[in-house]
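A note on names: the letters A, B, ... follow the listed sequences, proteins ahead of strands, and every chain is numbered from 1.
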Protein chains: 2
Amino acid sequence: MSHPEPLRTPPSENCSIVGTVDALGDSWSILVLRELFFGVHRFNDIQRDLDISRSVLTNRLNRLVDLGVAKVVPYQEPGDRARSEYRLTRKGVALLPVMVALMQWGDRYLNDGNGPVALRDRATGEAVRLELRTGDRPVEPNEIVPTVNT
Amino acid sequence: MSHPEPLRTPPSENCSIVGTVDALGDSWSILVLRELFFGVHRFNDIQRDLDISRSVLTNRLNRLVDLGVAKVVPYQEPGDRARSEYRLTRKGVALLPVMVALMQWGDRYLNDGNGPVALRDRATGEAVRLELRTGDRPVEPNEIVPTVNT
DNA sequence: GAATCTCAGTTCGTTCGACGAACTCAGAGT
DNA sequence: ACTCTGAGTTCGTCGAACGAACTGAGATTC
């Protein structure tokens with residue numbers, strides 16, 4: 001934390017953070033992903049939940065589909081015509097750690113330590129948390145240093 | 001992944017993801033944080049690295065300081081006048097999991113499995129990774145379900 | 001078989017923030 | 001006095017977000 005300088009890695013070029021951020025780093029994309037994670041899959045539902053402009057929502061959903069993070073799936077409510085909804089692909093589900101990281105930070109620093117939502121193991125019901133680890137033990141953020149892969 | 005509906009949690013109100021996202025969810029804030037994590041602390045250095053407009057950079061740095069995520073620290077290069085640079089606070093360092101989550105996803109899905117940067121334990125030099133865990137074992141993203149805290 | 005309802009999108013005028021080049025400012029060196 | 005450097009500020013332009021209204025497909029109702 002104090003001064004032991006963390007290597008001053010060249011952070012510019014093709015760092016994965018840059019790639020991920022300009023693929024889906026804008027606020028709406030992340031919030032739309034949150035909806036999909038939480039089981040809200042339909043255009044109007046997402047639009048109402050987020051209070052997002054319909055044109056922007058169309059744009060973001062298309063972007064997520066183009067990226068292969070979400071996919072269009074047909075559904076049909078009984079006595080209604082066939083429509084489309086959006087679901088996460090495997091690639092999209094793999095973004096869960098990003099969501100959890102945002103959530104845990106917000107829980108701690110914006111909601112005094114405990115937020116309104118918790119994640120649980122579907123099978124056991126146990127709480128799930130996100131952890132930085134090395135080998136077999138947890139590491140604190142300030143013990144970590146970035147290095148360049150050769 | 002397939003159809004076992006994940007509870008359809010009411011995701012609207014005061015969810016921590018929303019809070020975190022509209023505090024610092026825009027792309028530039030995240031990229032500025034990346035610079036700070038990687039040891040780039042000075043205005044001109046960040047501006048050049050990111051190729052960000054100077055006015056926007058000023059705005060984002062001020063926002064991060066207002067949020068308590070970064071702080072202004074004076075420095076003085078020998079034979080030059082005193083100037084200011086930006087460093088992460090504890091609250092800012094706590095955002096490392098967000099950065100790592102973005103990085104790991106990008107490494108896997110945008111860079112074929114291995115990115116240019118790795119994180120290591122400062123003491124041992126061992127690689128650090130981010131993991132979803134419950135109790136004492138890792139969990140896969142698709143085994144996880146959101147629940148409401150009562 | 002015309003009218004109506006629902007949900008998913010599109011259109012388009014307004015508004016707001018990003019972009020970027022040029023400018024300002026403080027202080028140390030020459 | 002002049003210059004040099006790093007950290008901002010200014011301001012005109014331009015593109016993206018906003019939001020209210022419109023379109024369109026198919027199923028139900030009268």
Student: Test the B/R83-B/F43 pair against the cation-pi criterion, namely NZ or CZ under 6.0 angstrom from the six-membered ring centroid and within 45° of the ring axis.
Tutor: no

Student: Using atom CD of A/Q76 as one end and atom P of D/dG26 as the other, report the distance to the nearest whole Å.
Tutor: 11 Å

Student: Would you say a side-chain N or O of B/Y86 is under 4.0 Å from OP1 or OP2 of D/dG6?
Tutor: no

Student: Do B/R48 and B/D45 sit within salt-bridge range, that is, some charged N less than 4.0 Å from a carboxylate O?
Tutor: yes

Student: Rounded to the Å, how far apart are B/N59 CG and C/dG20 P?
Tutor: 16 Å

Student: Salt-bridge test for B/R129 and B/D107: reply yes if a basic N is under 4.0 Å from a carboxylate O, no otherwise.
Tutor: no

Student: Atom CD of A/E85 to atom C1' of C/dC7: distance rounded to whole Å?
Tutor: 12 Å

Student: Nearest whole angstrom, please: distance from the C1' of C/dG29 to the CZ of B/R83.
Tutor: 12 Å

Student: Starting at the 5' end of DNA chain D and moving along, which residue's nearest nucleotide shows up first, A/R60 or B/F43?
Tutor: B/F43

Student: With A/E85 as reference, evaluate A/H41, A/K71, A/R42 under the side chain to side chain donor-acceptor pair (under 3.5 Å) test and give the passing residue.
Tutor: A/R42

Student: Considering only heavy atoms and no angle criterion, is a donor-acceptor pair shorter than 3.5 Å present between the side chain of B/S55 and the base of D/dG8?
Tutor: no

Student: Contact class for B/R48 vs. all strands (heavy atom < 4.0 Å): base, sugar-phosphate, or nothing?
Tutor: nothing

Student: If you go through the side-chain atoms of B/R54, does one of them form a donor-acceptor pair with the base of C/dA21 closer than 3.5 Å?
Tutor: no

Student: Of B/S53 and A/A82, whose closest DNA chain D nucleotide lies nearer the 5' terminus?
Tutor: B/S53

Student: Distance check needed: C/dA8 P versus A/R81 CZ, whole Å only.
Tutor: 9 Å

Student: Whole Å only: how far is the CG atom of A/L57 from the P atom of D/dA17?
Tutor: 12 Å

Student: Expressed in angstrom and rounded to an integer, what is the separation of B/N44 atom CG from D/dT9 atom C1'?
Tutor: 14 Å

Student: B/I52 CD1 to C/dG20 C1': how many Å, rounded?
Tutor: 12 Å

Student: Looking at every non-hydrogen atom in both residues, tell me the closest pair between B/P146 and A/L119 and how far apart they are.
Tutor: CA-CD2, 3.6 Å

